[in-house]
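Order of appearance sets the numbers: ligands from 1, and atoms from 1 within every ligand.
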Amino acid sequence: MALVTRFAPSPTGLLHLGHAYAALIAFDRARAGGGRFLLRLEDIDRTRCRAAFDAAILADLAWLGLDWDGPVRRQAAHFADYRAALDRLDRLGVLYPCFCTRAEIAAEIAASPGAPQGPAGPLYPGTCRGLSRQRRMARLAEGGDHALRLDVAAARRLVAGPLTWHDERTGPHPAEPERLGDVVLARKETPASYHLAVTVDDAVQGVTLVTRGIDLAPATHIHRLLQALLDLPTPAYAHHPLLLGSDGVRLAKRDGAAGLAALRAAGTTPADIRRRLGLADTAAHAGNACADPVVP
Ligand code: GLU
């Protein structure tokens, strides 16, 4: 089966060297094996995404020498796909409306020392999971905002047998979605969360190898559960190390100096970038897709 991989940035800022690294290793991997390289813009958060960043990303990638197969998939054009997945999860009985504000969640966590911690902080304490049907209906009838959360325990009960996923760098992993708790899958202002959209899209686009930063490895526990619930294939994963700045801290969109546009303006060439990242000159020479990144 031909390899299909992708680069999936969010147009919430300009690309930096860390993005170049992620994009190039996915691209090199696809091109070295006669596979397909797809580009997806994860623009579901309409409050933070900008058309100007969308255009700048395409320009930076083209400058780096990347071309992608097929049209760019922009998530904001596919809310119907995510709605269909949510409806399916709802029919399975694994979603519940959550009426908590962020402040209420923080207060509840503060009041319960020893509350379980996830990779990104304390887990949602499950307040709305326990609402009676009557209370839930009454709150919905009031018409206030609510999010939809995944009932991880209920979902687990539905899925037969242990779930695993495989990382090319680190081997097999048991899926432990409990580590992330009852994640939000949709909100009023953003009707599909990262977890939902990325799982649906990787399947719709036929992705066979998900290459992305190690910071997103914990999310794979949830994605694997969603794949099982939605009857979607499970791709292989290659979570690569993150590029660190000279201060030892991971690069962020606000680090202008490592921005590709700034580097380009300063006369850096795409070949310089590849060298700086420790990558082969061209995709044709790429052997090790996940070499450890060099500190720029
Ligand atoms: N959109 C995510 C980001 O910009 C990447 C998502 C993924 O590769 O799964 O960090």
**Prompt:** Polar-atom distance check: Arg6 versus ligand 1, any N or O pair below 3.5 Å?
**Reply:** yes
**Prompt:** Below 3.5 angstrom, do we get any N/O pair linking Ala8 and ligand 1?
**Reply:** yes
**Message:** I'd like to know if Arg275 and Asp272 make a salt bridge, using a cut-off of under 4.0 Å between side-chain N and carboxylate O.
**Reply:** yes
**Asked** Would Phe7 count as a contact of ligand 1 if the rule is a heavy atom under 4.0 Å away?
**Response** no
**Note: Asp201-Arg6 ion pair, threshold 4.0 Å (strictly below)** = no
**Message:** Students often mix this up, so state it plainly: with edges at 30° and 60°, are the rings of Trp165 and His173 parallel, tilted or perpendicular?
**Reply:** parallel
**Message:** Are Tyr21 and His240, when compared by the centres of their aromatic rings, separated by less than 6.0 Å?
**Reply:** yes
**Prompt:** Under 4.0 Å from any heavy atom of Val198, which atoms of ligand 1 are there?
**Reply:** 9 (O)
**Message:** At under 4.0 Å between heavy atoms, is it the side chain or the backbone of Leu216 that contacts ligand 1, or both, or neither?
**Reply:** side chain
**Prompt:** If you measure from the Lys or Arg side-chain nitrogens to the Asp or Glu carboxylate oxygens, is any gap between Asp202 and Arg73 under 4.0 Å?
**Reply:** no
**Contact check: Tyr194 vs ligand 1, nitrogen or oxygen atoms, below 3.5 angstrom** = yes
**Message:** Within the 4.0 Å heavy-atom shell around Ser10, which atoms of ligand 1 are there?
**Reply:** 1 (N), 4 (O)
**Message:** Using a 4.0 Å heavy-atom cut-off, which part of Pro9 comes near ligand 1: side chain, backbone, both, or neither?
**Reply:** backbone
**Asked** Within 45° of the ring axis of Tyr124 and under 6.0 Å from its six-membered ring centre, is that where the NZ or CZ of Arg149 lies?
**Response** yes
